[in-house]
Amino acid sequence: MRYSDFNKSERTRRNIIEKVAPVFNKKGYAATTLSDMITITGLSKGSIYGNFKDKDEVALSAFEYNADFVNKNLKSQIQLANTYLEKLLAYPDTFRKIFKAVLFNGGCPILNTSVDADDLNQKLHKAVLERIRLWESTIVDFVEKGMQQGELKAGIDASKIAKISIALIEGGYAMAKVTGEESYILNAIEEMERVILSLKS
């Protein structure tokens, strides 16, 4: 759907989300204030809360927007794959392409929001957990189907591979953000790729 296809209210909501999403990702849910949202959007409090019920709804929409950036890139790469091994390799391929953009935007939204929202916003925490579970279940599905097709070695613990993969990427992003050294996420991506290639039958 094109931006012009949205009605005025939808365009306003989208404009707010696009502008505040990087702020929430960089500063966090608790630290992002109404003043921040007013400054970045150029809108009044009434305009912002005329489109969103409260700060929680803005934060949730901002998280979904940030997470969708990663998900859309992954989905596009996965759709190009012809085998389940290629679908798994789409993950390191995608992360290698977008890691600079993710770091520029404040780091991985799943990691940032999970740390920030745990005790502050249960809806936000639930949304993060759903994204993690979806990521995990998708990798498990690819590994299991890859084994069924004979592309991957038999007897692989698909859940373990999924958890290792997620931990590598999230840990790599965390350390890259803290230290400012891209080598952390690049090494993590390389290791994820090595783990996936080791599954090949």
Side-chain angles (χ1 to χ4, degrees), residues 16-32 36-37 40 55-79 87-143 159-196:
I16 292 170
I17 294 167
E18 288 176 350
K19 289 182 176 178
V20 303
V23 179
F24 273 97
N25 199 46
K26 291 174 182 177
K27 294 188 67 174
Y29 169 82
T32 300
D36 291 326
M37 290 188 275
I40 196 68
K55 179 183 174 181
D56 289 354
E57 188 178 0
V58 180
L60 184 59
S61 297
F63 165 70
E64 297 291 356
Y65 178 85
N66 286 325
D68 278 344
F69 168 75
V70 178
N71 190 56
K72 286 175 183 177
N73 278 277
L74 273 170
K75 187 175 181 180
S76 296
Q77 194 71 23
I78 289 170
Q79 287 176 338
K87 289 180 188 295
L88 290 168
L89 289 171
Y91 285 88
D93 287 347
T94 301
F95 289 127
R96 195 173 279 119
K97 290 176 181 177
I98 68 171
F99 81 92
K100 285 184 180 289
V102 173
L103 289 174
F104 179 78
N105 196 42
C108 179
I110 289 177
L111 177 68
N112 292 348
T113 310
S114 65
V115 173
D116 188 49
D118 193 17
D119 297 321
L120 297 169
N121 186 316
Q122 288 301 309
K123 287 184 180 179
L124 202 53
H125 178 66
K126 181 181 178 182
V128 174
L129 189 58
E130 286 176 352
R131 291 277 181 162
I132 294 172
R133 295 305 183 207
L134 177 61
W135 185 1
E136 183 179 339
S137 64
T138 303
I139 292 177
V140 167
D141 183 58
F142 290 160
V143 172
S159 178
K160 183 177 180 179
I161 294 299
K163 287 180 169 65
I164 289 172
S165 298
I166 293 169
L168 279 168
I169 297 304
E170 295 302 334
Y173 272 128
M175 293 305 296
K177 181 180 177 181
V178 170
T179 65
E181 296 180 25
E182 294 179 352
S183 59
Y184 277 102
I185 183 59
L186 287 172
N187 289 338
I189 292 169
E190 184 178 334
E191 182 62 15
M192 182 188 193
E193 188 173 61
R194 187 196 68 75
V195 169
I196 292 169

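The figures here come from the full heavy-atom set of this structure, side chains too, leaving out hydrogens, waters and symmetry mates.
Using a 4.5 Å heavy-atom cutoff, the side chains of Leu103 and Glu182 are in contact. Considering only heavy atoms from C-beta on, Phe95 stays 4.5 Å or farther from Ile185 through its side chain. Lys26 has its side chain out of reach of Thr32: every pair of non-hydrogen atoms, C-beta onward, lies at least 4.5 Å apart. Counting heavy atoms from C-beta outward, Tyr184 and Tyr173 have side chains that stay 4.5 Å or more apart. Between Ile40 and Asp36, every side-chain heavy-atom pair lies at or beyond the 4.5 Å cut-off. Using a 4.5 Å cut-off on side-chain heavy atoms (C-beta onward), Tyr91 and Phe142 make contact. Under the 4.5 Å side-chain criterion, counting only non-hydrogen atoms from C-beta, Met192 is not in contact with Ile189. At a threshold of 4.5 Å between non-hydrogen side-chain atoms, the residues Val102 and Phe69 count as touching.
Annotation: the span from Asn25 atom CG to Thr113 atom OG1 amounts to 6.0 Å, rounded to 0.5 Å. Annotation: the span from Glu170 atom CD to Met175 atom CE amounts to 14.0 Å, rounded to 0.5 Å. Note that OG of Ser183 is 11.0 Å distant from CD of Glu190, once rounded to the nearest 0.5 Å. With rounding to the nearest 0.5 angstrom, the OG atom of Ser114 is 5.5 Å from the CD1 atom of Ile132. One finds the CG atom of Asn105 at 15.0 Å from the NZ atom of Lys100 (value rounded to the nearest 0.5 Å). Taking CZ of Arg194 as the reference point, atom CG of Asn187 lies at 12.5 Å (rounded to 0.5 Å).
Shown here for Pro22 and Asn66, the closest heavy-atom pair between the two residues is N-OD1, 4.3 Å. Looking at every heavy atom in both residues, Gly172 comes nearest to Ala188 through CA-CB, 4.0 Å. Residues Ile139 and Ser165 come closest through the heavy atom pair CD1-CB, 4.1 Å. The shortest non-hydrogen separation linking Thr94 to Ala90 is OG1-O, 2.7 Å. In terms of heavy-atom proximity, Val140 sits nearest to Ala162 at CG2-CB, 3.9 Å. Here the shortest heavy-atom pairing between Pro92 and Ile196 reads CD-CD1, 3.9 Å.
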- Starting from the C-alpha separation in whole Å, work towards a yes-or-no answer on side chain to side chain contact (heavy atoms under 4.5 Å, CB included) for Leu124 and Asp56. CA-CA 8 Å; Leu124 202 53; Asp56 289 354; over 6 Å; no
- Given Gln77 and Lys87, is the side-chain hydrogen bond (donor to acceptor under 3.5 Å, both in side chains) satisfied, shown in steps? CA-CA 8 Å; Gln77 194 71 23; Lys87 289 180 188 295; over 6 Å; no
- Task: Test side chain to side chain contact (heavy atoms under 4.5 Å, CB included) on Met37 and Lys19 and set out the steps.
- Result: CA-CA 8 Å; Met37 290 188 275; Lys19 289 182 176 178; over 6 Å; no
- Query: Is there a side chain to side chain contact (heavy atoms under 4.5 Å, CB included) between Tyr29 and Phe24 once you walk through the steps?
  - Reply: CA-CA 6 Å; Tyr29 169 82; Phe24 273 97; 4.2 Å; yes
- Quick one: do Arg131 and Asp68 satisfy salt bridge (charged side-chain N to carboxylate O under 4.0 Å, His left out)? Show the steps, please. CA-CA 10 Å; Arg131 291 277 181 162; Asp68 278 344; 2.8 Å; yes
- Can you list the steps and then say if Ile110 with Trp135 is a side chain to side chain contact (heavy atoms under 4.5 Å, CB included)? CA-CA 11 Å; Ile110 289 177; Trp135 185 1; 4.2 Å; yes
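Side-chain N or O atoms of Lys177 include one that pairs as donor or acceptor with a backbone N or O of Gly106 at under 3.5 Å. Here the side chain of Lys123 pairs no donor or acceptor atom with the backbone of Glu57 at under 3.5 angstrom.
Side-chain contact, Ser159 with Lys163: a donor N or O sits under 3.5 Å from an acceptor N or O.
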